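In what follows, a single structure is set out as structure tokens and then discussed.
All values derive from a computational prediction rather than experimental measurement.
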Amino acid sequence: MTFYHKLGQVPTQRHTVFKKENGDLYAEELVSTHGFSSVYSLVYHCHPPTLVRQIRDPYDVSPKIARERHLKHTSLKGFSLAPADDYLDSRKPVLVNQDLHISLAAPRQSMEDYFYKNSQADEIIFIHEGKGVLKTGYGQIPFSYGDYLVIPRGTIYQIHFEDTDNRLLIVESFSPVRTPKRYRNEFGQLMEHAPFYERDIRVPENLETHDQLGEFEVKIKKQGLIYPYIYGSHPFDFIGWDGYHYPWAFSIHDFMPITGMLHQPPPVHQTFETDAFVLCSFCPRLYDYHPLAVPAPYNHSNVDSDELLYYVDGDFMSRNSIEKGQITLHPGGIPHGPHPGTVEKSIGQTRTDELAVMIDPFRPLMLTEEALALEDPDYYKSWMS
């Protein structure tokens, strides 16, 4: 979900002479997606973005699969993940397939001495705990609890945190992240029935041009490896840019839930879509208002997708003993449903204050070694009590 945006200085026409005060040319760069067929931005650098001084040896960060095939309801205690100082070191993939990687992270420190670029995946970073600023060449985006940061592939960024207590849910998508097509009209504008609006989208601001030469490390991720590149110019040397390809933010607190007389299915909570999965936001909302309504969700058989829920806050109506940062994975092929007693408890209730993120991938998820270290091995028995 992007729309045309512009920051800084750009020439009146594309691909024309654009000079600095000293007569030197700014370096134009087209940042394009899907070849030249999808969204793009035109960026103007103080120095060519191709000044590479050195490429150091790459190192492997690919997920270590521990359970490739499984058919068991699974729960992970996400807040049991130990914090780490470095941002990249803190990112631990827990559930993955060929379309997306889902990671947990608890970084203590800001990115100060290097920059990062995911060269083949869009990233959705959900801020569970923490506050700070996402810095890119496109500008800055302040963030806080409940924000989704959507960072398109190829974007060089740094994250600066205000303190050491940070908890993140990170989704790497190997297909582009979009808002659901059914929310948009033929011109791309969000329609009246959509649960959020363009004014809820926060775009980069405060463009800072770093006209600097020197040595700048950019850690670039591709095909499970991190390649440390040493560039000769600062990655944030943008004098200006315009287009549709840029990072943006949306707060889960600005999602306006769709409710009805009877229980509404998960698609009403959908926030993002890709070719391979959907992401939904479960937010505080009024319960169903039919006099005989059962607000708790009905038992459901996942036939075509796994279902993952990341619990953020509040009292989740269909679950017992849920903790912040907990993940439940209900694999396709077997039914799941409300825990014992929660259906009866929901009847007559008027609202819920739950807050959660749901991800439904269209291909099965695999558990990593890091996931097994967080697993509650008896979760699948929790419907027996």
Just by modelled atom types, is the [Y] backbone N or O under 3.5 Å from a matching donor or acceptor in the [X] side chain?
X: Asn22; Y: Asp24; result: yes
X: Asp376; Y: Leu76; result: no
X: Asp378; Y: Lys381; result: no
X: Lys6; Y: Tyr4; result: no
X: Asn302; Y: Asp306; result: no
X: Asp360; Y: Phe277; result: no
X: Ser346; Y: Ala296; result: yes
X: His234; Y: Thr209; result: no
X: His210; Y: Gln212; result: no

Measuring from atom [atom1] of [X] to atom [atom2] of [Y], what distance do you get when rounded to the nearest 0.5 angstrom?
X: Ile124; Y: Asp147; atom1: CD1; atom2: CG; value: 13.5 Å
X: Ser233; Y: Leu51; atom1: OG; atom2: CG; value: 4.5 Å
X: Ile159; Y: Gln109; atom1: CD1; atom2: CD; value: 14.0 Å
X: Ile334; Y: Ser301; atom1: CD1; atom2: OG; value: 9.0 Å
X: Leu309; Y: Ile359; atom1: CG; atom2: CD1; value: 9.0 Å

Q: Would you mind telling me which of Asp165, Asp86, Asp85, Asp163 makes a salt bridge (Lys or Arg N to Asp or Glu O under 4.0 Å) with Arg108?
A: Asp85
Ignoring hydrogens and angles, state whether a donor on the side chain of [X] or [Y] is under 3.5 Å from an acceptor on the partner side chain.
X: Gln223; Y: Gln120; value: no
X: Ser75; Y: Tyr380; value: no
X: Asn166; Y: Tyr87; value: no
X: Gln158; Y: Ser110; value: no
X: Thr352; Y: Arg285; value: no
X: Asp211; Y: His47; value: yes
X: Thr136; Y: Thr155; value: no

Counting only heavy atoms from other residues, nucleotides and ligands, does the tally under 6.0 Å from [atom1] of [X] exceed 12?
X: Tyr40; atom1: OH; value: no
X: Asp304; atom1: CG; value: no
X: Arg14; atom1: CZ; value: no
X: Lys72; atom1: NZ; value: yes
X: Phe36; atom1: CZ; value: no
X: Asp57; atom1: CG; value: no
X: Gln98; atom1: CD; value: yes
X: His15; atom1: NE2; value: yes

Which pair of non-hydrogen atoms, one from [X] and one from [Y], has the smallest distance, and what is that distance?
X: Pro266; Y: Cys280; result: O-SG, 3.8 Å
X: Ile141; Y: Ala249; result: CG2-CB, 3.7 Å
X: Leu262; Y: Gln264; result: O-NE2, 2.9 Å
X: Pro195; Y: Gln270; result: CG-O, 4.4 Å
X: Pro335; Y: His73; result: O-NE2, 2.9 Å
X: Thr368; Y: Leu95; result: CG2-N, 4.4 Å

Q | side chain to side chain contact (heavy atoms under 4.5 Å, CB included) between Leu104 and Ile327, worked out | A | CA-CA 10 Å; Leu104 298 172; Ile327 291 175; 4.1 Å; yes
**Q.** Mutual orientation of the aromatic rings belonging to Trp383 and Tyr379 [parallel < 30°, tilted 30-60°, perpendicular > 60°]
**A.** perpendicular
Q: Might you work through the side chain to side chain contact (heavy atoms under 4.5 Å, CB included) test for His128 and Lys324, ending with a clear yes or no?
A: CA-CA 9 Å; His128 193 165; Lys324 290 183 179 181; 4.2 Å; yes
Q.
Leu372 vs Glu369, test: side chain to side chain contact (heavy atoms under 4.5 Å, CB included). Steps then yes/no.
A. CA-CA 5 Å; Leu372 295 192; Glu369 294 176 359; 5.9 Å; no
Identify the residue among [options] that makes a ring pair (Phe, Tyr, Trp, His ring centres under 6.0 Å) with [X].
X: His5; options: Trp241, Tyr244, Trp248; result: Trp241
X: Tyr44; options: Phe18, Tyr138, Phe238; result: Phe18
X: Tyr157; options: Phe115, Tyr116, Tyr246; result: Tyr116

Q) Hey, which of Leu279, Ile127, Val177 is the one that makes side-chain contact (heavy atoms from CB on, under 4.5 Å) with Tyr148? A) Leu279
Q. Using 4.0 Å as the upper bound for N to carboxylate O, is an ion pair formed by Lys221 and Glu172?
A. yes
(Q) What I want to find out is whether Arg91 reaches Glu123 closely enough, with some N-O distance under 4.0 Å, to be called a salt bridge. (A) yes
Q.
Tell me if the aromatic rings of His45 and Tyr26 count as close, with their centers under 6.0 Å from one another.
A. no
Q. Are Tyr287 and His263 close enough that their ring centers fall under 6.0 Å?
A. no
Q) Going through the distances and angles, do Arg67 and Glu375 end up as a salt bridge (Lys or Arg N to Asp or Glu O under 4.0 Å)? A) CA-CA 12 Å; Arg67 192 180 295 158; Glu375 184 181 13; 3.1 Å; yes
Q.
As a quick check of understanding, evaluate side chain to side chain contact (heavy atoms under 4.5 Å, CB included) for Arg184 and Thr179, giving each step before the final call.
A. CA-CA 8 Å; Arg184 293 179 269 116; Thr179 53; 3.0 Å; yes
Q: State whether Phe79 and Arg167 meet the cation-pi test: NZ (Lys) or CZ (Arg) under 6.0 Å from the six-membered ring centroid, and within 45° of the perpendicular axis.
A: yes
**Q.** Lys219 charged N/C atom sitting above Tyr114 aromatic ring, 6.0 Å / 45°
**A.** yes
**Q.** Glu323 vs Lys77, salt bridge (Lys or Arg N to Asp or Glu O under 4.0 Å): CA-CA, chis, key distance, verdict
**A.** CA-CA 8 Å; Glu323 303 173 4; Lys77 304 288 188 177; 3.3 Å; yes
Q. So, do Ser103 and Lys92 sit near enough that their side-chain heavy atoms are less than 4.5 Å apart?
A. no
